[in-house]
Amino acid sequence: MSSDVSASTPKSPASAQPTALYGGQGTRRVTVRDIAAAKARHEKWPMLTAYDALSARVFDEAGIPVLLVGDSAAMVVYGYDSTIPVTVDDLVPLAAAVVRGAKRALVVADLPFGSYQSGVAEALATSARFMKEANVQAIKVEGGRRVLPQVEAMVAAGIPVMGHLGLTPQSVNAFGGYRVQGRGEDGEQLMADAKALEAAGAFSVVLECVPDELARRVTASLSIPTIGIGAGEGTDAQVLVWQDMAGLTPHTAKFVKKYADLYSVLGDAAREFAGEVVTGAFPTPEYSYK
Ligand code: KIV
């Protein structure tokens, strides 16, 4: 099974030029058609979360083609210990700021817990708020077959939908903690969910904290891209929460690689600023008006 999978998802050499999707400088926003074309070309691409205009601008100018206003904002913006408490009213202004900050990236908004599970009407109404008030171009929901009516209705209404399977954090209480999902027979359930999302018209699916081999099989079985987070090397795309990626979060999961140490950089800057204020070294005439 795994040799079939690796044959259909060839690896780019490390020296490969940036793909058209990642790092492109187009004059228009990335669309779901661009995402589909990238899968057909076997391109790998990065996605990051963003929650404000300035970080969105930085990532957009770095060529990140898709930005996710995740409900992880609950933890990294609002300081909750799970994603459960965050509300639509909390997330819509963040999503609007990200859209204003990013000129090229496709911006996807997460529907938070309790804003789509009760049925199609609720899912459509919440999605409409994100699309009308924040101007996002796509919506993400957690779950597979259990949210299929919602996904079908959203797609029928012209809303691009990103699915999310595996360790779906809104179900943390049902899982009994943040644990790897899809091991053993559960893997076949996850595969069925992924195929159902694709059949319902989702344009992509996040696979979070699932075994590498399962993520490869799902990726090979779908014509829509898979976006991995803690799902190994075999997915079409990879996503990280930006504060994890940049080392601002003190404690992170095993799957997080830190590409900077912003926790130290910001702390050092704050300490140096404070030291100069208390000693009178700042501000000097250079930073003053005559
Ligand atoms: O909320 C979020 O940031 C997410 C990503 C981690 C996929 O769902």
Side-chain angles (χ1 to χ4, degrees), residues 35 45-52 55-56 59 64-88 90-95 97-98 102 105-117 126-127 130 134 136 138-144 147 151 160-172 175 178-182 190 193-194 197 202-210 215 218-219 224-232 235-246 248-249 251-259:
I35 305 291
W45 48 272
M47 176 165 108
L48 282 173
T49 62
Y51 315 94
D52 66 88
S55 64
F59 302 145
I64 303 295
V66 185
L67 295 176
L68 171 67
V69 186
D71 63 352
S72 49
M75 300 164 92
V76 295
V77 175
Y78 290 106
Y80 295 116
D81 63 3
S82 82
T83 61
I84 308 283
V86 81
T87 66
V88 176
D90 290 333
L91 293 185
V92 166
L94 308 189
V98 170
L106 177 91
V107 180
V108 184
D110 241 344
L111 298 194
F113 180 69
S115 75
Y116 61 99
Q117 285 91 347
T126 312
S127 304
F130 276 98
V136 302
I139 299 289
K140 180 165 83 58
V141 291
E142 295 187 4
V147 293
V151 173
V161 178
M162 178 179 282
H164 187 160
L165 298 173
L167 200 184
T168 43
Q170 292 173 14
S171 303
V172 62
F175 293 148
Y178 295 96
R179 312 168 177 283
V180 175
Q181 300 295 311
L190 190 146
D193 281 331
L197 286 171
F203 76 95
S204 59
V205 58
V206 171
L207 301 178
E208 180 162 352
C209 278
V210 302
V218 172
T219 302
I224 57 172
T226 56
I227 306 161
I229 175 164
T235 54
D236 298 298
Q238 294 287 334
V239 58
L240 286 175
V241 169
W242 87 254
Q243 290 89 344
D244 293 345
M245 179 278 301
L248 188 56
T249 326
H251 306 292
T252 52
K254 166 188 162 79
F255 60 77
V256 171
K257 179 171 178 182
K258 297 185 179 188
Y259 290 85

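Predicted, not measured: the structure shown is a model, and the values here were computed from it. In listed order, ligands and their atoms are each counted from 1.
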Within the 4.0 Å heavy-atom cut-off, what Ile227 brings close to ligand 1 is neither
Near Gly70 (heavy-atom distance under 4.0 Å), the atoms of ligand 1 are 1 (O), 2 (C), 3 (O)
closest protein heavy atom to atom 4 (C) of ligand 1 is Leu68 CD2, 3.6 Å
**Prompt:** Strictly by modelled atom types, are Ser127 and Tyr116 linked by a side-chain donor-acceptor pair under 3.5 Å?
**Reply:** no
*Is there a side-chain contact between Arg179 and Gln181, using heavy atoms and a 4.5 Å cut-off?*
yes
Please report the C-alpha distance between Thr249 and Asp244 in whole Å, then the side-chain angles of each, then the deciding distance to 0.1 Å, and finally whether the side-chain hydrogen bond (donor to acceptor under 3.5 Å, both in side chains) criterion is met. CA-CA 5 Å; Thr249 326; Asp244 293 345; 2.7 Å; yes
protein heavy-atom neighbour closest to atom 8 (O) of ligand 1 works out as Lys140 NZ, 3.0 Å
| message | Hydrogens and angles aside, do Thr226 and Thr235 bring a side-chain donor and acceptor to less than 3.5 Å of each other? | response | no
Any heavy atom of Asp110 under 4.0 Å from ligand 1? The part involved is side chain
re atom 3 (O) of ligand 1, the protein heavy-atom contact at minimum distance is Ser72 OG, 2.5 Å
Exercise. Can Gln170 and Gln117 be counted as having a side-chain donor-acceptor contact under 3.5 angstrom?
Worked result: yes
Thr49 heavy atoms within 4.0 Å reach ligand 1 at atoms 3 (O)
d(Thr49 OG1, Phe59 CZ) to nearest 0.5 Å is 7.0 Å
shortest atom 6 (C) of ligand 1-to-protein heavy-atom contact is with Ile229 CD1, 3.6 Å
Within the 4.0 Å heavy-atom cut-off, what Asp71 brings close to ligand 1 is both
CE of Met75 to CD1 of Ile84, rounded to nearest 0.5 Å, is 10.0 Å
